[in-house]
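Proteins get letters first, then strands, A, B, ... in listed order; numbering begins at 1 in each. Computed from a predicted structure; not experimentally measured.
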Amino acid sequence: MENDSFYEKVYWVVRQVPAGRVTTYGAIAAFLGTKGSSRVVGYAMGASVHVLPRVPAHRVVNRTGLLTGKQRFGSPHLMQQLLENEGIVVEDDQIKNFKEVFWDPATELILP
DNA sequence: AAGCTGACAGCAG
DNA sequence: CCTGCTGCCAGCT
């Protein structure tokens with residue numbers, strides 16, 4: 001993974017997020033060792049639309065469980081639709097049972 | 001080569 | 001309790 005950029009690392013982690021679960025920018029940043037780069041994680045997600053295979057960016061939200069990047073999905077409600085389609089309860093761009101569906105890579109991710 | 005930008009997070013007022 | 005300001009790191013112009 002050393003030939004991959006920081007973005008690629010972020011994309012890899014996001015792809016490991018199972019359906020019906022979500023994670024946060026800070027959790028990914030901390031997992032990669034750079035806790036302060038949570039903003040970079042967000043920026044990486046913004047660029048994820050240009051990346052193949054497609055990254056399930058809708059499973060990444062901020063620490064409050066708010067769908068901050070929904071605007072980047074083309075339709076303002078597409079991100080919410082995708083999450084609800086996976087069984088996640090979303091109300092007014094806010095994940096309700098956020099604590100239950102939260103998926104922490106540092107504790108639940110199993111490295112190959 | 002230098003500065004600006006950004007789907008955040010945390011602490012202070 | 002809610003609103004605002006600062007710190008942070010990698011990419012891009």
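In this structure, CG of A/Leu67 is placed 15 Å from C1' of B/dC8, rounded to the nearest angstrom. The distance between atom CE of A/Met45 and atom P of B/dA7, rounded to the nearest whole Å, is 12 Å. Counting to the nearest Å, the C1' atom of B/dC8 and the NZ atom of A/Lys35 are 12 Å from each other. Note: CZ (A/Arg39) to C1' (B/dA9) measures 9 Å, nearest angstrom. Protein atom NE2 of A/His50 is 13 Å distant from nucleotide atom C1' of B/dA7, rounded to whole Å.
Under a 3.5 Å cut-off, the side chain of A/Tyr11 and the backbone N or O of A/Ala44 do form a donor-acceptor pair.
Boundaries of the chain A contact region on DNA chain C are C/dG7 to C/dG11, first to last in 5' to 3' order (nucleotide atom under 4.0 Å from a heavy atom).
Side-chain contact between A/Glu8 and A/Trp12: absent, with no pair of heavy atoms (C-beta onward) separated by less than 4.5 Å. Residues A/Thr23 and A/Arg59 fail the side-chain proximity criterion, which asks for heavy atoms closer than 4.5 Å. Residues A/Leu66 and A/Asp93 form a side-chain contact, since some pair of their non-hydrogen atoms from C-beta on lies under 4.5 Å apart.
If you check every strand for non-hydrogen atoms under 4.0 Å, A/Gly26 touches sugar and phosphate atoms only. Within the 4.0 angstrom heavy-atom criterion, base atoms lie near A/Ala57. If you check every strand for non-hydrogen atoms under 4.0 Å, A/Val60 touches a base. When heavy atoms are screened at a 4.0 angstrom cut-off, A/Ser38 is found touching base atoms of the nucleic acid.
In terms of position on DNA chain C, the residue among A/Gly36 and A/Phe6 whose nearest nucleotide sits closer to the 5' end is A/Gly36.
Counting heavy-atom neighbours within 6.0 Å of A/Arg21 CZ, excluding the residue itself, gives a total above 12.
Taking all atoms of both residues into account, the shortest heavy-atom contact from A/Thr64 to A/Gln94 is O-NE2, 2.7 Å. When every heavy atom of A/Phe102 is checked against every heavy atom of A/Ala27, the shortest pair comes out as CZ-CB, 4.1 Å. The shortest non-hydrogen separation linking A/Met79 to A/Val60 is CE-O, 3.5 Å.
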Intra- and inter-strand pairing of DNA chain C, written as dot-bracket with Watson-Crick and G-U pairs under 3.5 Å and | for the latter, reads .||||||.|||||

Could you go step by step and tell me if A/Phe98 and A/Thr24 meet the side-chain contact (heavy atoms from CB on, under 4.5 Å) rule?
CA-CA 10 Å; A/Phe98 176 61; A/Thr24 67; 3.6 Å; yes

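The shortest distance between the side-chain N/O atoms of A/Arg63 and the OP1/OP2 oxygens of B/dG10 is below 4.0 Å.
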